[in-house]
Each structure stands twice: as structure tokens, then as C-alpha cells.
Amino acid sequence: MDDQYHPEKIEAQAQEWWREHATFRALDDPTREKFYCLCMFPYPSGKLHMGHVRNYTIGDVISRFQRMRGRNVLQPMGWDAFGLPAENAAMQNGVPPARWTRDNIAYMRSQLQALGFALDWDRELATCDPDYYRWNQWLFLRMREKGIAYKKTGVVNWDPVDQTVLANEQVIDGRGWRTGALVERREIPMYYLNITRYADQLTDALDGLDEWPERVRVMQQNWIGRSEGVAIRFPYDGGAVGVFTTRADTLLGATWVAVAPEHPLAIRAAQADPTVAAFIEECGRGGNTEAEIATQEKRGVPTNLTVEHPLTGEALPVWVANYVLMAYGEGAVMAVPAHDQRDLEFARKYDLPIKIVVRARDVAPVELTALSEAFVTKDGVLCNSGKYDGLGFTDAVASIAADLAARGLGELKVQYRLRDWGISRQRYWGCPIPIIHCDSCGEVPVPDEQLPVRLPENLVPDGHGNPLSRCADFVNVDCPACGAAARRETDTMDTFVDSSWYFLRFASAGNDDAMVDARVDYWLPVDQYIGGIEHAILHLLYSRFWVRVMRDLGFLGFDEPFRRLLTQGMVLNHVYSRREGEGRVEYFNPADVHGTGNGATLRADGRPVTWEGMGTMSKSKNNGVDPNRMVDEYGADTARLFMLFTSPPELSLEWSDAGIDGATRFLRRLWRQVADHVAAGPAPAVNAQVLSDPQRVLRRHTHETIAKVTDDVGRRYTFNTAIAAVMELINHVSRFEDSSEQGQAVVREALESVVLMLAPMVPHICHAMWRALGHAGTVADAAWPAVDDAALVRDTLQLVIQVNGKLRGDVEVAKDADKATIERLALADPAVAKHLEGKQVARVIVVPGRLVNIVTGNR
RNA sequence: GCCUGGGUGGCGAAAUUGGUAGACGCAACGGACUUAAAAUCCGUUGGCCGCGAGGCCGUGCCGGUUCGAUUCCGGCCCCAGGCACCA
């Protein structure tokens with residue numbers, strides 16, 4: 001064993017050993033207990049960044065730990081390879097997205113391999129491979145047969161200059177990112193997946209996901225947004241406006257009805273009234289996201305239309321309002337200004353009537369003039385509501401709903417915030433939707449035997465529309481039904497489709513005859529899924545939905561894809577940009593910027609850049625930090641150790657490499673200790689019966705550390721505290737001087753335990769040290785160390801003494817001392833006695849094993 | 001705007017079930033070794049007061065519950081993630 005630590009040498013050797021022995025190839029062996037550990041696969045954006053290193057290091061620690069615990073571990077890797085950045089890169093460099101993507105995959109694969117992750121590369125997949133996406137197409141057709149996939153219109157961002165559909169990310173302040181043109185909302189036909197059919201299941205099953213973070217379950221629950229209320233229809237000549245409300249008790253306080261700009265009544269009103277038409281057109285410009293709609297100024301215009309109040313028959317005016325979403329419910333709301341803050345503000349702004357119909361119990365109704373805030377509580381009683389006066393919320397809703405039902409104008413209803421999943425994208429670099437449009441047969445599915453519909457890989461997008469629609473070889477096709485000339489669908493699928501089931505395919509790798517096979521029954525569900533918190537809702541919800549659909553189609557025998565979930569915190573870095581005219585933004589990597597924060601300048605031209613604060617490392621914000629420099633300078637083990645040690649996995653992390661020296665210093669120190677110990681010759685086995693006190697103390701530290709690290713790595717996933725505990729143990733070992741046989745024996749036990757405990761985190765150095773300590777094979781195959789409970793025994797405990805909650809002393813007591821003894825010892829402590837002078841002891845609180853608190857006072 | 005997290009020394013953090021705030025590191029400072037540097041080793045290190053013993057203050061801000069609050073409750077501020085076409 002070298003007495004110096006040379007990471008580049010031992011890392012190459014360890015990786016070579018694992019490759020030669022195919023150590024991490026997962027065998028489908030149903031006789032063994034399996035563990036499927038999966039990290040969210042990366043988008044091949046070019047280079048790894050620190051967020052990837054963090055994610056895959058965490059997954060690797062868990063995989064290697066479970067392996068040492070005896071599980072048959074599968075840890076695969078793949079590429080989320082379709083998507084927008086490849087098209088942007090193509091426009092910039094004139095390279096087809098396919099080539100750019102595959103080059104990136106090759107480079108990033110080599111980066112992952114250099115980090116020594118225990119991956120089964122035999123099962124690698126990329127979603128842009130026809131062997132993969134053919135099954136997207138195949139399942140889409142099965143969903144279409146069941147009505148789960150269907151067609152309706154949806155709204156997109158339209159850039160009128162480039163004549164193209166923009167992603168939300170490409171709309172900056174309501175303008176196209178390349179053209180600066182004001183973006184328009186456009187309605188076009190799209191395919192949808194009927195996820196709302198599963199809304200109740202998806203929300204109910206969250207309770208069973210008890211190994212998911214609470215916050216993710218809450219977020220999903222709020223996203224699905226189940227609410228119980230009443231569907232109410234406000235009739236007008238020739239129809240009725242449907243609204244949904246959770247506050248049917250306030251129905252008698254409704255003073256107008258507001259509809260979304262896209263609502264049929266709004267369009268009807270616009271035909272007669274140019275003011276309404278102008279307002280609708282204005283609402284149709286600019287950004288389309290919920291955030292933009294929710295933060296814009298609430299505005300509206302009156303129409304000359306009225307609807308009838310369903311109970312009183314009173315005529316209520318219809319307004320068109322920019323805050324009503326066509327996508328939620330039926331695109332209309334009843335306005336009750338006295339009991340809804342937003343409606344109240346709208347009423348004040350446009351001088352609309354306000355009617356109080358709920359008052360606090362035992363209090364007279366508030367005067368209108370005194371109504372500064374809407375009275376929104378459900379804990380009141382009705383007033384000004386005729387026969388309903390005096391009823392509480394629950395009775396009022398039941399009674400009003402019954403009366404509405406009797407008139408055919410409403411009924412109790414469960415409403416979800418969740419909307420169906422639109423999967424059509426008017427983009428080239430994605431999975432083609434397998435549909436053919438025929439003038440005589442209409443919409444015809446591509447026959448299964450013609451799958452996959454291959455995406456041509458040689459096109460280069462130019463920002464004007466979808467290049468697929470200009471590709472005659474792709475578009476022109478014979479109708480499978482009648483044989484006449486027909487056109488292929490040129491929309492591709494949302495990339496979330498690709499990522500909704502890739503975890504199944506790893507378990508069916510290489511099967512060209514079926515999407516999934518029996519191996520899925522063995523490996524799935526995923527035992528541990530690890531990925532960024534940014535996927536808490538969409539990706540995880542879509543995957544849960546997809547698995548349920550495949551289950552109902554008879555292809556899977558389980559409900560939930562991911563048993564245990566770890567949501568890693570984001571790795572953040574500064575974001576610097578320049579606005580280049582309206583809408584256009586360029587981002588600069590912090591490495592190319594001089595200074596930090598406000599006042600930073602671009603190195604290249606010395607001109608100022610705008611600091612946008614901290615943001616997630618990403619391609620789109622150009623603020624990633626490439627791990628290569630760190631790996632080249634310090635080695636993979638140091639990079640991994642630093643990443644794990646610097647913070648617990650769920651916390652977000654503002655990137656800084658301060659502290660990397662501590663990680664590498666620790667590994668050097670550990671290496672030297674092992675080398676010194678090995679050089680001193682063989683040590684005998686520990687004989688617990690003959691140990692001296694210091695030997696017994698070191699051995700107790702060793703086993704306390706094993707217990708702590710096993711819990712931290714196996715249950716808590718707090719790798720930072722596990723590493724700290726190992727560092728403490730190493731500090732004890734280095735202070736321990738005892739060259740006797742048993743002295744060397746307890747040191748050897750400590751060092752071997754440390755090597756085993758660190759093996760999942762810094763696998764290369766541990767592989768080398770394990771072999772130097774005289775073991776054959778690789779430490780990756782060794783068993784995780786066991787705690788010897790006998791070594792943990794202590795005879796005495798240290799208790800802290802407080803007086804009135806302030807620390808005043810401590811006392812050592814026998815581990816089984818009773819309360820009276822502890823109390824007597826505590827009161828006898830001189831430092832404590834000083835603080836009790838002239839005071840009376842009112843209470844003494846003894847917390848076993850922890851502290852004594854003496855409370856003084858009168859009596 | 002809405003949903004979800006987070007805020008503790010100069011910095012990353014720890015305190016696992018309401019029980020010693022700052023473990024373990026980084027940085028800094030002092031010392032040893034060295035011709036020197038690097039590397040390594042030893043020590044100090046939340047703030048204020050004190051020669052010292054020791055005392056007081058301190059976990060974003062304001063308030064509350066408790067013998068005891070970083071931890072629980074109410075209100076607020078800031079940062080981050082998500083808001084359905086970035087992935």
C-alpha cells in the first residue's frame with residue numbers, strides 16, 4: 001500500500017476492477033430479495049452539473065448500502081433525450097437535434113462513469129431511440145381505444161412573427177423570446193389524456209404513500225384540489241351559465257356572474273359590443289400561465305347580457321373578467337362581493353352592488369360602509385336570505401342545493417382543480433403521435449405493425465413552425481384504411497410522456513416484442529426514487545397516472561410506481577442576464593462574470609449584467625457548474641464526499657466549493673492511518689474480555705458510530721451527519737496510542753468498520769483500503785458492519801443540571817440511579833447550590849438520561 | 001397572486017420525540033516542524049462584560065404556550081421550488 005493517497009490511480013484501478021467483474025450488472029434473480037434504486041434520469045443538456053452529481057451520488061450511496069445489506073440491487077441509467085433545448089441548440093449551431101443529443105449523451109455518460117457510480121449500463125436507454133418511443137405510440141393507441149386519449153381544443157402561445165407556437169419558457173413578459181412580438185393566445189386541436197378520470201384515486205392513494213415526503217403529498221393533494229360544493233346553473237334565454245361554488249350558502253348574496261374571456265357568453269356579447277370584443281382581444285395577448293393571470297390587475301367589462309338568479313329569478317348582470325379561468329370548471333363564477341375578497345375589490349372598483357347574507361353568530365350584520373374586508377368565514381349564520389335565514393353553513397348548503405335540484409338548476413358536486421393532460425406539441429424533437437389524417441376516413445390510428453412511426457433525424461429547426469410539416473417524406477403517407485393519399489400528424493408528444501414510464505422499461509430492457517414483461521413483476525415498484533423537488537407535482541403525478549392506466553389495461557399488477565421517495569434540494573447558483581430588446585434575454589454563466597450580485601460585469605466586454613438572484617443550475621439559465629474541474633483536481637471520491645458532507649440531501653444548496661479542502665484532507669488522513677496500521681503488521685482478533693478501559697472506550701466509539709451511521713444512511717438519509725460521526729471516530733483513533741496486541745486489534749476493528757461504512761460514499765478509496773487490509777474481492781460486495789450491543793454498555797451517565805432552565809452544572813450518576821438519588825446529587829452540586837441561595841425549590845424535574853431542572857419560586 | 005419548503009457563528013451545517021444551541025468541517029488567528037514553501041500536527045475561535053471565577057445576550061422579526069422552545073401556536077419579512085409547453 002502506497003503511503004500517499006493518489007486518487008487518480010486508485011480510482012482508475014477500482015473502476016477497472018468493477019468493469020472486469022461486471023460487479024453492478026443486475027441479474028433478474030427472483031430467489032433474491034431485490035432493491036430497485038432509481039435516480040431521475042437526466043436531460044442530456046451537454047455536461048453534468050452539480051445538481052446531477054448531488055442526485056446520483058445520493059442514489060449511489062443508497063444502492064451500495066443496500067447491496068452491502070444483502071439486497072439484489074438494480075440501479076440503471078438512461079436519458080430523457082427529447083426536448084426543446086436540442087432544438088434551440090440546433091438553431092444556434094445548425095446541427096440536427098439528434099446529433100447534438102447523442103454527442104451530449106456520450107460525453108455525459110463518460111462523466112458519470114468517471115464518478116464511479118454503481119450503474120448497470122447494460123440497461124441504458126434513451127427516450128429518443130425508436131426502440132423506446134415506439135411503446136409511447138403503442139400505449140397511446142391503447143389509451144385512444146379506451147377513450148383515455150382524446151382530442152379537443154387547447155390554448156397555446158402563438159408568435160405572430162415567427163408563425164410558431166412557443167413554450168411558456170419562451171414567452172418573456174408576454175413577448176416572443178426571439179422576435180419580441182406580443183404573443184397571442186390561440187386555440188388549436190390537441191390530444192389529451194384523461195387524467196381527471198383518476199383524480200379521486202390519485203388523491204386518495206396519497207395517504208398510502210407513507211414513505212414519501214409529507215410536503216410532496218400535500219403539494220399533490222392541493223394540485224389535484226378536490227373540493228366539495230354545488231354546481232349551479234344561472235338560466236338565460238336559450239341556455240344557462242354553469243358555475244361551481246364551495247359557498248352555495250352565499251348564493252342569495254350573488255350580485256353578478258363573471259365569465260372567462262373565452263366563454264361562449266363572452267363571445268356572444270362581443271358580437272354586439274365592440275368594447276367587450278376589444279377587452280377579449282386584449283386578454284388574449286401576453287402570457288398564458290396561471291402565475292401571470294393571478295398576478296395581473298383584476299379587470300372586467302360589463303355586457304348587455306343578464307342571467308336569472310336560480311332561486312329569486314332576479315336579473316344578474318354578466319361581466320367578462322380576466323381573472324376567470326376557462327380551464328377551471330365551466331369558465332364562469334358567481335360573484336358574492338360581501339363574502340369573497342376578490343369579488344369585493346372588483347365591486348368597489350366597478351361600483352357593483354354588495355349584499356351581506358352571512359353574519360357572525362349573535363351579532364348584527366356589519367354595516368355595508370364598515371365592510372373593509374369580505375366576511376369569508378363559514379362559521380356564521382345566514383341573513384337577508386329569506387327562508388334560509390338563521391341556518392349555519394352546512395345546513396344552508398344542503399337546503400339550497402336541495403331547492404336548486406328541485407328546480408333542475410343545480411346539484412351537489414365534487415370538483416377537481418386538476419385538468420386533463422394536453423400532450424400535443426407543435427415541435428419536431430419529440431415522439432411522433434401515431435395518427436394519420438385522411439380526407440375520407442378522418443383520423444386513422446397507425447396500425448401496430450407499422451410502429452414505430454420514426455422521427456426523421458436529419459432535420460434542423462429554424463424557429464419557424466415545425467420542420468416536420470415541411471418534410472414530405474414524413475408527412476405524405478397512404479391511409480391505412482382506404483389506401484388514399486393522406487397526411488401524418490406532425491405534432492409530437494410532451495416529453496413528460498417519455499418520462500412517465502421509463503422506470504418500467506429498465507426492467508424490460510431489450511424486449512422488442514412487448515412494452516413490459518415478467519421482469520417488471522420482480523423489480524417493480526421502484527424501492528427508492530431520488531430526484532429534485534422541482535418534480536414534486538408534474539412528473540410524479542403523471543407517472544402515478546400512467547401506471548394506473550397500464551394496470552387497468554392489464555399490463556401491470558401494482559398501483560404505485562415509487563415506494564419510497566427522496567426529494568433532493570436544488571443546487572443553486574447566481575443567475576446573470578441581459579435583456580436585448582423587448583422579450584429577448586441572454587443568460588451568462590457566473591464563471592464568465594466578474595464580481596457577484598448587483599454590479600457584476602461580463603468578463604468578455606466589461607459591461608454590466610443584471611443579477612437575477614439565485615436559481616437552480618440549468619441549461620436554460622446557463623448557470624451550471626461543471627464537476628470536471630473538481631474531479632480532475634481532487635478525484636471522484638472527494639467530489640462525492642464533499643457533496644454529501646456539505647448539507648443534508650433535502651435542503652437546497654447555494655453552490656460554493658469552500659470546504660472541498662476539508663473533504664480531501666479527511667481522505668488523505670484516513671489513507672495514512674490505514675497505511676500506518678497495515679505497515680505495523682497484522683493484528684489479532686478483538687478479545688472483549690481482556691480489554692483495558694481505553695481499549696473498551698475506543699471499541700464503544702466504534703460500535704456507537706456503526707449504530708449511528710447505519711441509522712443515518714439506512715433510514716434518515718442524513719449522509720452529512722453520518723460522515724461527521726465517522727470523522728469523530730477517526731479523531732478518536734488518531735488520539736489512541738496503544739501498540740499492544742489488543743490495542744492494535746481495536747484499532748483494526750475501528751478502521752475496518754470505517755472502510756465499510758464509507759464504502760457507499762467514497763467507493764474507490766475504500767476498495768483500495770479494503771484490499772490493503774487483506775481482504776479479497778471488492779468492498780462493494782462486503783457485508784455492512786454489525787453493532788455489538790455488548791460494546792455499547794456504559795456504567796454511568798452524565799446529566800445536566802439546570803436552575804430555572806439555565807445550565808448551571810452537571811453530575812455523573814449510575815445508569816440505573818433512581819429519581820431521588822439524582823435529585824439529591826443535583827441539589828448537592830456546589831455550583832447549583834450557589835444559584836439556589838436564598839431561594840425556595842418549588843419543583844424538581846428529572847428527565848431520565850438527560851437533565852435535571854430545579855425550579856425556584858414561592859410556596 | 002396561490003400551493004410547498006427554508007432562514008441557526010465569518011461560511012456549510014448539527015441538535016432524530018419540547019430537554020446542554022453551535023457536533024463535524026471550512027475559513028481565520030496563534031504555535032510546532034521546515035533554510036523556505038507546501039503538506040502535516042497542536043491550540044484558540046457566537047457576541048458583549050470581566051484580570052479571573054464567572055455573568056448577561058443569542059437560532060429572520062413580533063407576540064404566545066411551557067419548568068424548559070431552533071423545535072409547538074398566531075401574525076409578519078426575506079429566500080427558494082412549483083403553478084400545467086423548461087425538464
Side-chain angles (χ1 to χ4, degrees), chain A residues 40 42-43 45 80 82-85 88 154 156-157 165-171 213-216 218-219 221-223 225 288-296 298 323 327 342 418-427 494-496 499 532-539 541-542 567 569-570 572 613-616 618-621 642 645-648 650-654 656 658-663 665-666 668-669 672 711-712 715-716 718 720-721 723-728 731 734 798-802 804-807 810 831 842-845 847 849-851 853-857:
Chain A
M40 291 179 188
Y43 177 79
S45 55
D80 189 12
F82 276 135
L84 198 53
N88 297 336
V156 294
N157 304 306
V165 174
L166 297 178
N168 285 337
E169 191 186 52
Q170 299 171 313
V171 180
E214 176 70 13
R215 63 183 292 202
V216 176
V218 171
M219 279 192 270
Q221 191 164 45
N222 291 336
W223 182 263
N288 197 12
T289 66
E290 191 187 308
E292 276 171 294
I293 291 164
T295 48
Q296 71 192 348
K298 316 267 177 296
Y323 62 83
R342 186 180 61 189
L418 183 68
R419 314 201 292 253
D420 274 348
W421 174 13
I423 59 158
S424 294
R425 297 291 180 270
Q426 297 68 45
R427 269 194 269 290
D494 180 6
T495 57
F496 274 121
S499 57
I533 186 64
E534 80 273 25
H535 293 296
I537 296 174
L538 293 179
H539 162 61
L541 191 63
Y542 291 150
T567 45
M570 302 284 85
L572 310 177
M614 307 300 289
T616 308
S618 70
K619 181 85 181 171
S620 61
K621 293 280 163 45
F642 172 64
F645 184 57
T646 199
S647 89
E650 307 224 50
L651 276 194
S652 61
L653 177 65
E654 294 187 4
S656 155
I660 182 84
D661 287 331
R665 199 176 292 153
F666 170 69
R668 281 201 299 262
R669 212 151 73 90
R672 215 169 38 245
D711 189 46
D712 283 355
R715 179 183 65 89
R716 296 177 66 209
T718 51
N720 55 330
T721 55
I723 293 164
V726 172
M727 285 175 169
E728 274 186 272
N731 289 342
S734 61
Q798 205 75 21
L799 294 188
V800 162
I801 312 170
Q802 297 179 333
N804 294 324
K806 283 187 191 295
L807 180 66
D810 51 39
R843 282 171 74 182
V844 178
I845 292 153
V847 183
R850 290 208 181 262
L851 58 69
N853 189 14
I854 300 163
V855 185
T856 64

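Excluded from the calculations below are hydrogen atoms, water molecules and symmetry mates; all remaining heavy atoms, backbone and side chain alike, are included. In what follows, every chain begins at residue 1, and chains take the letters A, B, ... in the order their sequences are listed.
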Check: Between B:U20, B:C24, B:G82, which one does the side chain of A:Ile537 approach most closely?
Finding: B:G82

Check: Does B:U40 have a Watson-Crick or wobble partner in any strand here, with both distances under 3.5 angstrom, and which is it?
Finding: B:A32

Check: Closest nucleotide of RNA chain B for A:Glu292 versus for A:Gly662: which of these residues is on the 5' side?
Finding: A:Glu292

Checklist line | Under 4.0 angstrom between A:Arg669 side-chain N/O and B:C24 OP1 or OP2 | finding: no

Check: Does any N or O donor sit under 3.5 Å from an N or O acceptor when you compare the side chain of A:Gln170 with the base of B:C86?
Finding: no

Notebook entry, point to check: In the structure shown, which nucleotide is the Watson-Crick or G-U wobble counterpart of B:G22, with both distances under 3.5 Å?
Noted result: none

Margin query: Taking the P atom in each of B:A69 and B:A14, what is the distance between them to the nearest angstrom?
Written below: 22 Å

Note to self: With a cut-off of less than 4.0 Å, is there a side-chain N or O of A:Ser656 near OP1 or OP2 of B:G12?
What the structure shows: no

Margin query: For a quick check, tell me whether the side chain of A:Asn222 and the base of B:C3 share a donor-acceptor pair closer than 3.5 Å.
Written below: no

Next item on the list: Looking at every strand, decide which applies to A:Asn853 at a 4.0 Å heavy-atom threshold: base, sugar-phosphate, or nothing.
Entry: base

Note to self: Between B:C72 and B:U17, how many Å separate the two C1' atoms, rounded to a whole number?
What the structure shows: 13 Å

Next item on the list: Give one of base, sugar-phosphate or nothing for A:Phe496, where a contact means two heavy atoms less than 4.0 Å apart.
Entry: base

Check: Counting any heavy atom closer than 4.0 Å, what does A:Gln802 reach on the DNA or RNA strands: base, sugar-phosphate only, or nothing?
Finding: base

Margin query: Taking 4.0 Å as the cut-off, does a side-chain nitrogen or oxygen of A:Asn804 come that near to OP1 or OP2 on B:G68?
Written below: no

Next item on the list: Would you mind classifying the nucleic acid contact of A:His539 as base, sugar-phosphate or nothing, using non-hydrogen atoms under 4.0 angstrom?
Entry: nothing

Margin query: Please tell me if A:Arg427 has a side-chain N or O lying less than 4.0 Å from either OP1 or OP2 of B:C85.
Written below: no

Margin query: Taking pairing as Watson-Crick or G-U wobble with both contacts under 3.5 Å, can you name the mate of B:C51, or confirm there isn't one?
Written below: none

Margin query: Determine whether a donor-acceptor pair (one donor, one acceptor, N or O, separation below 3.5 Å) exists between the side chain of A:Arg715 and the base of B:U16.
Written below: yes

Margin query: Checking understanding here: a glycosidic angle within 90° of 0 is syn, the rest anti, so what is B:G9?
Written below: syn

Checklist line | Whole-angstrom distance between B:G5 and B:A39, as gauged at atom C1' | finding: 43 Å

Margin query: Using atom C1' in both nucleotides, what's the gap between B:C3 and B:G18 to the nearest angstrom?
Written below: 29 Å

Check: Would you call the rings of A:Phe496 and A:His539 parallel, tilted or perpendicular if under 30° counts as parallel and over 60° as perpendicular?
Finding: parallel

Next item on the list: Look at the side chain of A:Val218 and decide which nucleotide, out of B:A23, B:U4, B:G19, has an atom nearest to it.
Entry: B:U4

Next item on the list: Considering only atom C1', compute the distance from B:G46 to B:A15 and round it to an integer number of Å.
Entry: 16 Å

Next item on the list: Using a 4.5 Å cut-off on heavy atoms from C-beta on, say whether the side chain of A:Val165 contacts that of A:Gln170.
Entry: no

Next item on the list: Check whether any side-chain N or O of A:Asn168 sits under 3.5 Å from a backbone N or O of A:Asn288 as a donor-acceptor pair, and report yes or no.
Entry: no

Check: Which sits closer to the 5' end of RNA chain B, A:Glu534 or A:Arg419, going by the nucleotide each is nearest to?
Finding: A:Glu534

Note to self: Partner lookup for B:A13, please. Criteria are Watson-Crick or G-U wobble with both distances under 3.5 angstrom; report none if nothing qualifies.
What the structure shows: none

Margin query: Any side-chain N or O of A:Asn731 below 4.0 angstrom from OP1/OP2 of B:A23?
Written below: no

Note to self: Given B:C79, B:C67, B:G19, identify the nucleotide with an atom nearest to the side chain of A:Glu654.
What the structure shows: B:C79

Next item on the list: Could you tell me whether A:Ser424 contacts a base, only the sugar-phosphate backbone, or nothing, with contacts defined as non-hydrogen atoms closer than 4.0 Å?
Entry: base

Checklist line | Rounded P spacing from B:G9 to B:C48 in Å | finding: 15 Å

Note to self: Base, sugar-phosphate or nothing for A:Ala291? Non-hydrogen atoms, less than 4.0 Å.
What the structure shows: base

Checklist line | Shortest side-chain distance from A:Ala724, nucleotide among B:G6, B:C24, B:G12 | finding: B:C24

Notebook entry, point to check: With respect to the side chain of A:Leu572, which nucleotide from B:G12, B:G81, B:A84 is positioned closest?
Noted result: B:G81

Next item on the list: Measure from the side-chain heavy atoms of A:Arg716 and tell me the nearest of B:U16, B:C83, B:C85.
Entry: B:U16

Notebook entry, point to check: So what does A:Gly569 hit on the nucleic acid, given a heavy-atom distance under 4.0 Å: a base, only sugar-phosphate, or nothing?
Noted result: nothing

Next item on the list: Kindly determine whether A:Arg850 and A:Val800 satisfy side-chain contact (heavy atoms from CB on, under 4.5 Å), including the steps that lead there.
Entry: CA-CA 7 Å; A:Arg850 290 208 181 262; A:Val800 162; over 6 Å; no

Checklist line | Check against side-chain contact (heavy atoms from CB on, under 4.5 Å), A:Arg716 and A:Asp711 | finding: CA-CA 6 Å; A:Arg716 296 177 66 209; A:Asp711 189 46; 3.6 Å; yes

Check: Taking the same atom, C1', in B:U65 and in B:G52, what whole-Å distance lies between them?
Finding: 40 Å

Item checked: Partner nucleotide of B:C83 by Watson-Crick or wobble geometry (both distances under 3.5 Å) -> B:G1

Note to self: Any strand counts, and the cut-off is 3.5 Å on both contacts for Watson-Crick or G-U wobble. Which nucleotide pairs with B:U59?
What the structure shows: none

Note to self: Taking A:Leu166's backbone N and O only, do any of them form a donor-acceptor pair with A:Asn157's side chain (distance below 3.5 Å, no angle check)?
What the structure shows: yes

Check: For the side chain of A:Leu84, counting heavy atoms from C-beta on, which of B:G12, B:U20, B:A87 is nearest?
Finding: B:A87

Next item on the list: Just call it for A:Leu418: base, sugar-phosphate, or nothing, with non-hydrogen atoms closer than 4.0 Å on any strand.
Entry: base

Note to self: Side-chain N or O of A:Arg665 versus OP1/OP2 of B:A27: is the shortest distance under 4.0 Å?
What the structure shows: yes

Next item on the list: Answer with base, sugar-phosphate or nothing: what part of the nucleic acid does A:Tyr43 contact at a heavy-atom distance below 4.0 Å?
Entry: sugar-phosphate

Margin query: Within the 4.0 Å heavy-atom criterion, would you say A:Ser620 contacts the bases, only the backbone, or no part of the nucleic acid?
Written below: nothing

Note to self: Counting only side-chain heavy atoms from C-beta out, which of B:C41, B:C67, B:G1 sits nearest to A:Arg672?
What the structure shows: B:C41

Check: With a 4.0 Å cut-off on heavy atoms, is A:Pro648 in touch with a base, just the backbone sugar-phosphate, or nothing at all?
Finding: sugar-phosphate

Margin query: Using OP1 and OP2 only, check whether a side-chain N or O of A:Arg215 sits under 4.0 Å from B:G5.
Written below: no

Note to self: When the P atoms of B:A27 and B:U40 are compared, how many Å lie between them, rounded to an integer?
What the structure shows: 10 Å

Next item on the list: Mind checking A:Trp421 for me? I need base, sugar-phosphate or nothing, with any heavy atom below 4.0 Å counting as a touch.
Entry: nothing

Check: With a non-hydrogen cut-off below 4.0 angstrom, is A:Val855 in contact with a base, only sugar-phosphate, or nothing?
Finding: sugar-phosphate

Item checked: Nucleotide nearest A:Val156 (side chain, heavy atoms from C-beta), chosen from B:G81, B:C85, B:A87 -> B:C85

Check: Looking only at side-chain N and O atoms, does A:Lys621 come under 4.0 Å of OP1 or OP2 in B:A80?
Finding: no

Item checked: Minimum-distance pair of heavy atoms, taken over all atoms of A:Gly805 and A:Asn853 -> N-OD1, 2.9 Å

Note to self: Using a heavy-atom cut-off of 4.0 Å across all strands, would you classify A:Gln798 as base, sugar-phosphate, or nothing?
What the structure shows: nothing

Next item on the list: State which of B:G12, B:C67, B:A84 makes the closest approach to the side chain of A:Ser647.
Entry: B:G12

Check: For B:U70, which nucleotide in any strand shown is its Watson-Crick or wobble partner with both distances under 3.5 Å?
Finding: none

Notebook entry, point to check: Within the structure, does a side-chain N or O atom of A:Ser618 lie under 4.0 Å from either OP1 or OP2 of B:C86?
Noted result: no

Next item on the list: May I ask you to evaluate whether A:Arg425 reaches the phosphate of B:A87, defined as a side-chain N or O under 4.0 Å from OP1 or OP2?
Entry: no

Checklist line | Distance (rounded to the nearest 0.5 Å) between A:Phe645 CZ and A:Ile660 CD1 | finding: 12.0 Å

